[in-house]
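The structure appears right after this line, and notes come after that.
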Amino acid sequence: MSILQLKPLHPFAAEATGIDLRNPLTPAQIKSVEDAMDQHAVLVFRNQPLTQSQQIEFAKSLGPLDMGLRKLKGGPHRLEYAELADISNVKVDGEVADREHAKIVGNVANQLWHSDSSFQNPRAKYSMLSAVTLPNFGGNTEFADLRMAWDGLPEWLKRQVEGLKAVHYALHSRFLLGDTQYTEEQRQTIAPATWPLVQTDPRTGRKILFVGIHACEIEGMTLAEGRMLLLDLMEHATQRQYVYAHQWQVGDLVMWDNTATVHRGRWFDFAERRELRRATTEEVPA
Ligand code: OGA
Ligand code: MN
């Protein structure tokens with residue numbers, strides 16, 4: 001039986017080989033992936049171009065699926081399965097969307113540091129992103145390790161943030177980008193979620209500084225002071241030494257732990273086609 005082999009790419013990211021993700025995973029293989037994720041938080045599988053159903057089956061073997069914001073948007077879905085998020089600048093008709101198209105603001109929002117679905121409870125655990133078509137230049141995805149971020153905080157700041165809770169709201173990043181055309185009903189559809197700013201991973205016992213662009217308020221603080229603290233913490237957490245930058249190849253599948261990392265897409269020319277597909281699992285409380 002094939003076993004997972006890991007080659008470190010960064011202190012918290014590794015290239016994984018030895019498992020064919022097209023086939024159903026055995027319990028031992030699932031455990032090896034979960035254990036590797038505890039250690040690394042980002043795994044890169046090269047040359048594994050999965051079909052949409054293979055990608056869904058792989059994700060399902062690691063937990064219940066997260067459906068993200070799709071319940072808010074409705075509308076036609078470009079992919080075969082609603083379980084997959086369409087991370088692309090392509091319209092339902094298969095053409096690259098114009099820069100003014102409503103879809104593009106979602107592409108831009110993905111370029112802000114975030115943890116997928118942190119505005120929901122349950123939030124996302126693993127995201128699995130598969131590269132289908134890539135632009136000629138740009139469009140990397142970067143990851144920052146929030147466990148290393150916690151470890152690197154000065155003691156006085158650790159004491160200050162321990163016990164605080166942050167409110168995460170789905171539309172905060174959209175409002176920041178001027179995407180404000182939502183009805184009151186849509187604004188209410190996804191109620192904010194509240195998460196402790198400092199968390200302990202039940203599997204590894206490591207502490208995590210759980211920040212990201214969806215965090216927009218600190219409970220019990222003024223909006224201004226809370227937001228400033230969140231901006232400072234995010235700046236700390238995303239220093240270059242905590243960041244792995246992934247340069248995509250077609251057929252890559254990159255998997256990350258949303259409870260232990262933030263990520264962001266990087267600039268690419270929206271006139272070029274960029275198509276990735278994401279399956280995401282929900283966190284199952286310990
Ligand atoms: C995502 C995401 C960034 C990118 O798929 O969740 O944020 O580079 N992607 O496309
Ligand atoms: Mn994302």
Side-chain angles (χ1 to χ4, degrees), residues 13 37 41-45 50 52 55-56 58-59 62 65-70 72-73 77-79 81-90 96-97 103-120 123-146 168-174 176-177 179 190 193 210-215 234 237-238 243-270 272-283:
M37 288 301 290
V42 178
L43 291 183
V44 174
F45 296 87
L50 302 183
Q52 296 184 38
Q55 191 176 348
I56 291 169
F58 170 53
L62 295 159
L65 297 186
D66 165 73
M67 298 295 286
L69 263 184
R70 272 149 286 168
L72 178 70
K73 300 265 189 54
H77 191 56
R78 198 174 67 87
L79 303 179
Y81 302 97
E83 286 87 345
L84 293 177
D86 177 24
I87 308 296
S88 81
N89 60 343
V90 179
V96 172
K103 178 165 189 155
I104 295 299
V105 74
N107 283 237
V108 181
N110 275 348
Q111 296 179 3
L112 293 161
W113 287 110
H114 65 282
S115 163
D116 291 333
S117 296
S118 73
F119 45 75
Q120 289 180 176
R123 59 187 172 162
K125 176 66 174 167
Y126 300 132
S127 285
M128 284 136 278
L129 188 59
S130 172
V132 180
T133 313
L134 296 169
N136 287 307
F137 180 77
N140 285 357
T141 306
E142 295 184 343
F143 300 88
D145 190 306
L146 301 177
H168 295 237
Y169 180 51
L171 295 177
H172 178 62
S173 62
R174 301 306 182 99
L176 271 178
L177 297 173
D179 179 32
I190 299 198
F210 194 61
V211 291
I213 198 64
H214 303 312
M234 186 106 104
T238 56
V243 172
Y244 164 66
H246 184 69
Q247 206 172 344
W248 289 97
Q249 293 168 13
V250 169
D252 284 354
L253 183 130
V254 177
M255 177 172 175
W256 63 89
D257 183 345
N258 287 292
T259 70
T261 57
V262 281
H263 62 279
R264 64 172 179 181
R266 299 301 279 145
W267 184 91
F268 67 100
D269 182 351
F270 289 129
E272 284 194 68
R273 179 179 291 257
R274 183 175 187 267
E275 272 185 275
L276 300 97
R277 298 177 190 140
R278 196 186 80 211
T280 308
T281 65
E282 273 180 5
E283 182 181 36

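As the structure is a computational prediction, the values presented were derived from the model and not from experiment. Counting convention: from 1, in listed order, for ligands and their atoms alike.
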**Q.** Per-atom contacts, ligand 1 versus Asp116 - under 4.0 Å to a heavy atom
**A.** 6 (O)

**Q.** Distance-only N or O hit between ligand 1 and His114, under 3.5 Å
**A.** yes

Q.
For Met37, is there any backbone N or O sitting under 3.5 Å from a side-chain donor or acceptor partner on Asp257?
A. no

Q) Would you say Trp248 has any N or O atom under 3.5 Å from an N or O of ligand 1, going by distance alone? A) no

Q | Degrees at the Mn ion (ligand 2) between the NE2 atom of His114 and the NE2 atom of His263, nearest 10° | A | 90°

Q | Proximal atoms of ligand 1 relative to Trp256 (non-hydrogen, under 4.0 Å) | A | 6 (O)

Q | Contact atoms of ligand 1, heavy-atom distance to Gly265 under 4.0 Å | A | 3 (C), 4 (C), 8 (O)

Q) Which of the numbered atoms in ligand 1 are below 4.0 angstrom from a heavy atom of His263? A) 1 (C), 2 (C), 6 (O), 7 (O)

Q: Using a strict 4.0 Å cut-off to heavy atoms of Thr141, name the atoms of ligand 1 that fall inside it.
A: 4 (C), 8 (O)

Q. Of all the heavy atoms in Trp113, does at least one lie under 4.0 Å from an atom in ligand 1?
A. no

(Q) Check whether His114 reaches the backbone of Val262 with its side chain - one donor and one acceptor, N or O, closer than 3.5 Å. (A) no

Q. Is a side-chain N or O of His172 found less than 3.5 angstrom from the main chain of Leu176, in a donor-acceptor match?
A. no

Q | Pair Thr133-Glu275, side-chain donor/acceptor within less than 3.5 Å | A | yes

**Q.** Residue pair Leu134 / Gln249: nearest heavy atoms and the distance that separates them
**A.** CD1-C, 3.5 Å

Q | Asp116, N/O/S atom nearest the Mn ion (ligand 2) | A | OD1

Q.
For Val254, run the side-chain contact (heavy atoms from CB on, under 4.5 Å) check against Met128, Arg278, His246 and tell me which one passes.
A. His246

Q | Atoms of ligand 1, numbered as shown, that sit under 4.0 Å from any heavy atom of Arg278 | A | 1 (C), 5 (O), 6 (O)

Q | Asp66 (side chain) donor-acceptor with Thr280 (main chain) under 3.5 angstrom | A | no

Q. Minimum heavy-atom separation for Gln55 to Leu84, with atom names?
A. CD-CD2, 4.0 Å

Q. Side chain, backbone, both or neither: which part of Arg274 has a heavy atom under 4.0 Å from ligand 1?
A. side chain

**Q.** Asp86 bridged to Arg277 by N-O distance under 4.0 Å
**A.** no

Q) Among the heavy atoms of Arg266, does any lie under 4.0 Å from an atom of ligand 1? A) no

Q.
With heavy-atom distances below 4.0 Å as the criterion, list the atoms of ligand 1 near Ile87.
A. 5 (O), 10 (O)

